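As the structure is a prediction and not an experimental result, all values here were calculated from the model. All chains are named by letter (A, B, ...) in the order of the sequence lines, taking the proteins before the strands, and each is independently numbered beginning at 1. Quick note: numbers below take in every heavy atom, side chains included, and nothing from hydrogens, waters or symmetry partners.
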Amino acid sequence: MTNAFLASAAASLATARILIALWLFLATAQWLAAGSLFAESQPLAWAGLARRRTQRMLGRIRRRLSARAVKALLGVQFVAAAVLGATGALPTLIACLALLLLTMGSFVLLSGEFWANGSDKIGMIAMAGTLLTAIGVAAGDAGLALAGAIVTGGQLTLCYAVAGGSKLFVPTWRNGAELAGVMASQSWGHPLGHRLTRVRSLAIVATWTVILAELLFPLALFAPQGWLAAALGVMLAFHVATALLMGLNTFPWAFAAAYPAVLLLGRAIRMGLGLDG
Amino acid sequence: MTATGTIATAAALAWLAVTLAFQFRPISHHFPVFDRLGLLPRWKFFTQGNGDVDYAIEVRDRHADGTIGAWRPLAVIAPRPRRAFLWFPESHRNAVYCLAIDTLARRTVGGVVAPEDSHAYTTILAAVRTAAPEASAGTARQFALVFVRAAQERSVNFTSPFHPL
């Protein structure tokens, strides 16, 4: 069973690294295009963040880094993502992921709450879990490979379950009003979404479809791989819809980057339960 | 399974368990020290009560003769372009200002005065100071944070004092 799991883990790495690379290209390119935010006296200038009273040690580091340093780090990230996507050699894969976690982690730390949105968090988790799995495959250690699948697949599953479950406790989500309100807003809304959700029954159906898909997703981990893949396809369609309707354009790529680990975790669960060979 | 693999698997499961616990406010509120490094993600998207809120900043000037001009909108948050589903770098600038506005508004709940040296305040003030003047230049400017809920309900959540230009 250990060898079979390691073989599955090795196979999942090929897809994972390409999906991670695609997400990173988009995310990094968007930050490079928004690089002026880090210039002096701009909102994300690290010298400005350095004045925060509660982060004095980080402040010392921030004062020494300029907008040029940010762009250089982003450039390194872009190149590492390209190498990650281009080559499947395990040592290179491991080195690239470690470097990317270092650069992304540095941005998150130095830019505080202004850096990471939900897609960045999932993307970083995908990188961390894939790194662990890759090290496990390289070392022939099924436990390490499994830990990587738990890190990424487990967090993504938890993400969906919590997102669905938390909506269940908000009355305006349950009655469709929250979705209608979001679609009516300038920040997150869309004219087509607004027109559709003004019809109360449509808003309720759409809302409950999302709530149930998110809340019930963990059950798919126990299903055969084909069914799990279909469930992931449904969730990816949801993320594509949020990209089209709400401008959350990095979410489909970041979440897809975590899907190979979810499939691997599902395989591990079914192997552990004796449902798969 | 090797000892390393067992430890790594146990650690991964423990991280999942703690992440789940931190989704509940009583725990995340009372034990923030466990998340000093920000390694415990919160997964409650659009359930914090502000998913249908649009943020805006309005400014008005005070002139040398003491007269005060009318409130006018300050365009810091860019509208979403059609290509946003593919390419949307403007989202970062929008997120910075939305976060600053939301942070500042929350700090004034219950009559508490927002600290003017906070990053949120200085971020907004820097944008306010660079806004185009009215027909005649003012000597001081104040800003107001406006929340519009579901494109209908408008409320002013914070009004600053006048700041010299």
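Across Ala10(B), Ala8(B), Gly5(B), Pro81(B), the residue that shares the most heavy-atom pairs under 4.5 angstrom with chain A is Gly5(B). Of the listed residues (Ile125(A), Leu158(A), Leu248(A)), the one with the most heavy-atom contacts under 4.5 Å to chain B is Leu158(A). Looking only at heavy-atom pairs under 4.5 Å with chain B, the residue among Gly181(A), Gly247(A), Cys159(A) that has the most is Cys159(A). Per-residue heavy-atom pair counts under 4.5 Å with chain B were compared for Ser187(A), Ala184(A), Ala29(A), Ala243(A), and the maximum is reached by Ser187(A).
For the pair Thr47(B) (side chain) and Ser166(A) (backbone), a donor-acceptor distance under 3.5 Å is absent.
For a residue to count as touching a neighbouring chain, one of its non-hydrogen atoms must lie under 4.5 Å from one of that chain's; by this rule Leu245(A) touches chain B with the backbone only. If you measure heavy-atom distances from Met246(A) to chain B, the contacts under 4.5 Å come from both the backbone and the side chain. With a threshold of 4.5 angstrom between heavy atoms, Val148(B) does not approach chain A through any atom at all. Both the backbone and the side chain of Leu16(B) come within contact range of chain A, judged by heavy atoms closer than 4.5 Å. Proximity to chain A (any heavy atom under 4.5 Å) is shown, for Ile7(B), by neither the backbone nor the side chain. Contacts of Val151(A) with chain B are made by both backbone and side-chain atoms, with heavy-atom separations under 4.5 Å.
Under the salt bridge (charged side-chain N to carboxylate O under 4.0 Å, His left out) criterion, Asp54(B) pairs with no residue at all, not counting sequence neighbours. Partners of Phe251(A) under the ring-ring contact (aromatic ring centres under 6.0 Å, His included) rule, at least two apart in sequence or in another chain, are Phe255(A).
Nearest heavy-atom pair, Arg80(B) versus Gly189(A), reported as atom, atom and distance to 0.1 Å: NH2-O, 2.7 Å. The shortest heavy-atom contact between Asn249(A) and Ala84(B) is CB-O, 3.2 Å. Residues Ala34(A) and Pro89(B) come closest through the heavy atom pair CB-O, 3.8 Å. Here the closest heavy-atom approach between residue Ser185(A) and residue Gly51(B) is recorded as OG-O, 4.1 Å. Across all their heavy atoms, Lys121(A) and Trp43(B) have their closest contact at CB-CH2, 4.1 Å.
Taking 4.5 Å as the limit, some side-chain heavy atom of Met1(B) sits within range of a side-chain heavy atom of Leu146(A). Contact of the Phe45(B) side chain with the Asn117(A) side chain is not registered, since no non-hydrogen atoms from C-beta on lie closer than 4.5 Å.
Here the CG atom belonging to Leu37(A) is positioned 8.5 Å from the NE2 atom belonging to His92(B), to the nearest 0.5 angstrom. Atom CG of Asp52(B) sits about 10.5 Å away from atom CG of Leu179(A), to the nearest 0.5 Å.
Between Phe46(B) and Trp188(A), the ring center distance clears the sub-6.0 Å criterion.
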Trace of the side-chain contact (heavy atoms from CB on, under 4.5 Å) decision for Leu26(A) with Trp87(B): CA-CA 8 Å; Leu26(A) 178 60; Trp87(B) 176 247; 4.0 Å; yes
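One side chain, Thr19(B) or Gln155(A), offers a donor N or O that lies under 3.5 Å from an acceptor on the other.
Remark: Trp253(A) CH2 is loosely packed, at most 12 non-hydrogen atoms of other residues, nucleotides or ligands lying under 6.0 Å away. Environment of CZ in Arg25(B): sparse, with no more than 12 heavy atoms of neighbouring residues, nucleotides or ligands closer than 6.0 Å. Within a 6.0 Å radius of CZ in Arg129(B), more than 12 heavy atoms belonging to other residues, nucleotides or ligands are found.
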